[in-house]
Amino acid sequence: MPDTMLLLQMLVMLLAIGGLAGVLAGLLGVGGGIVLVPSFFYAFQTLGYGGPQLMQMCLATSLATIIVTSVRSVLSHNRKGAVDWTILRGWAPGIALGAVAGVLVASALRSDMLQALFGVLGIVIGLYLGLGKSEWRLGEAMPGGVKRALMSPVVGFLSVLMGIGGGSFGVPLMSLYNTPIHRAVATAAGFGVIIAVPSVAGFLLLPIEAAQRPPLTVGAVNIPAFLVVIAMTLTTAPLGVKLAHKTDPKRLKRIFAVFLILVALNMLRKALGW
């Protein structure tokens, strides 16, 4: 077992991480998982846990927190009338199907492969956050029919492979289809619930060897890390929502984009054994 001082240090770190993740989920619509997955990875490694399923535990624990954070966020946004329920209902079945597929694939991959995927996709998201233009458009309205049936599972699938909610892919997608940014952020919080619920149900059934998992881990979900982070995100997510409706987060997004790219590059470096 790790010593008491190390556990206290991890507790303080997770409290800070949870607070930041909650604000980011409400403010930028990028989803707290972007911060949580690498943070859990380094926390668990520091505590002496590793093995080929380390990333599965990070993804699963992050997605478990996203259930609570996203529900709180979408309810807060809905009180302001910002959630587009038509988009949410239309895209929900495909996103949920993609999330289930994501769990099946993630469960079968080694930790280093998932690290590499997180790194590559994190760089893509960071580049979009930093360089994307608000005037970029793929269409004037969110697609339906065959196009929606093809695109919606991809959102769920890629989100699970990164352990994130719907914001990192959903917000850019909706923005490219002419959805106002505040409405896109609010609706993407609903995407997060749809992604996280079925994926966490699957990860709870994933067996992890006892020697490779931290104490009080159920399936691939570490309960103490989940509870510590949720204690903070429940407090800070509404603050992020308020800030999102009062500020222009463009400059903050660019700063966060640089941070995300650096984190993603480091994950990719570790996956390649450098």
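Bear in mind the structure is a predicted one, so any value in this text is a computation, not a measurement. For this chain, numbers begin at 1 and follow the sequence in order.
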Measure the [atom1]-[atom2] distance between [X] and [Y] for me, rounded to the nearest 0.5 Å.
X: Asn266; Y: Phe41; atom1: CG; atom2: CZ; answer: 9.0 Å
X: Leu268; Y: Leu117; atom1: CG; atom2: CG; answer: 10.0 Å
X: Ser199; Y: Leu59; atom1: OG; atom2: CG; answer: 9.5 Å
X: Phe191; Y: Ser168; atom1: CZ; atom2: OG; answer: 12.5 Å
X: Ile230; Y: Thr61; atom1: CD1; atom2: OG1; answer: 11.0 Å
X: Met55; Y: Met113; atom1: CE; atom2: CE; answer: 12.0 Å

Minimum-distance pair of heavy atoms, taken over all atoms of [X] and [Y]:
X: Ser159; Y: Gly166; result: OG-CA, 4.5 Å
X: Gly130; Y: Ala257; result: N-CB, 3.5 Å
X: Arg213; Y: Ile208; result: NH1-O, 2.5 Å
X: Ile181; Y: Val171; result: CD1-CG1, 3.6 Å
X: Ser175; Y: Tyr128; result: CB-OH, 4.4 Å
X: Gly192; Y: Ser70; result: CA-OG, 3.7 Å

Find out if a path of hydrophobic residues (ILVMFWY) with successive side-chain heavy-atom gaps under 4.5 Å connects [X] to [Y].
X: Leu227; Y: Phe40; result: yes
X: Val100; Y: Val160; result: no
X: Phe259; Y: Met162; result: yes
X: Leu97; Y: Met142; result: no
X: Val120; Y: Val263; result: no

Between [X] and [Y], is any pair of side-chain heavy atoms under 4.5 Å apart?
X: Leu173; Y: Trp91; result: yes
X: Phe44; Y: Thr217; result: no
X: Phe169; Y: Ile164; result: yes
X: Asn78; Y: Trp85; result: yes
X: Gln53; Y: Met57; result: no
X: Leu150; Y: Val146; result: yes

ask   = Can you check side-chain contact (heavy atoms from CB on, under 4.5 Å) on Ser39 and Leu14, steps first, answer last?
value = CA-CA 8 Å; Ser39 299; Leu14 287 170; 5.6 Å; no
note = With Leu127 as partner, the option from Ile123, Ile125, Val124 fulfilling side chain to side chain contact (heavy atoms under 4.5 Å, CB included) is Ile123
Taking [X] for its side chain and [Y] for its backbone only, find out whether a donor-acceptor pair lies under 3.5 Å.
X: Arg79; Y: Val74; value: no
X: Arg183; Y: Gly81; value: yes
X: Arg269; Y: Trp274; value: yes
X: Glu140; Y: Asn178; value: no
X: Ser62; Y: Cys58; value: no
X: Gln56; Y: Phe203; value: no

key: Candidate pair Ile66 and Leu63, rule side-chain contact (heavy atoms from CB on, under 4.5 Å), full reasoning   = CA-CA 5 Å; Ile66 286 167; Leu63 287 163; 4.3 Å; yes
inquiry  = Show, in sequence, the C-alpha distance, side-chain angles and deciding distance for Met267 and Tyr42, and conclude whether the side-chain contact (heavy atoms from CB on, under 4.5 Å) test is met.
reply    = CA-CA 10 Å; Met267 289 285 276; Tyr42 296 123; 3.9 Å; yes
task = Please determine, by modelled atom types, if Asn222 and Tyr49 share a side-chain donor-acceptor pair under 3.5 angstrom.
result = no
query = With a cut-off of 6.0 Å (strictly less than), are more than 12 heavy atoms of other residues, nucleotides or ligands near CH2 of Trp136?
reply =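 Yes, CH2 of Trp136 has more than 12 neighbouring heavy atoms, counting only those of other groups under 6.0 Å.
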message = If you apply the rule side-chain contact (heavy atoms from CB on, under 4.5 Å), what do you find for Val185 with Met174, and how did you get there?
response = CA-CA 9 Å; Val185 169; Met174 284 184 272; over 6 Å; no
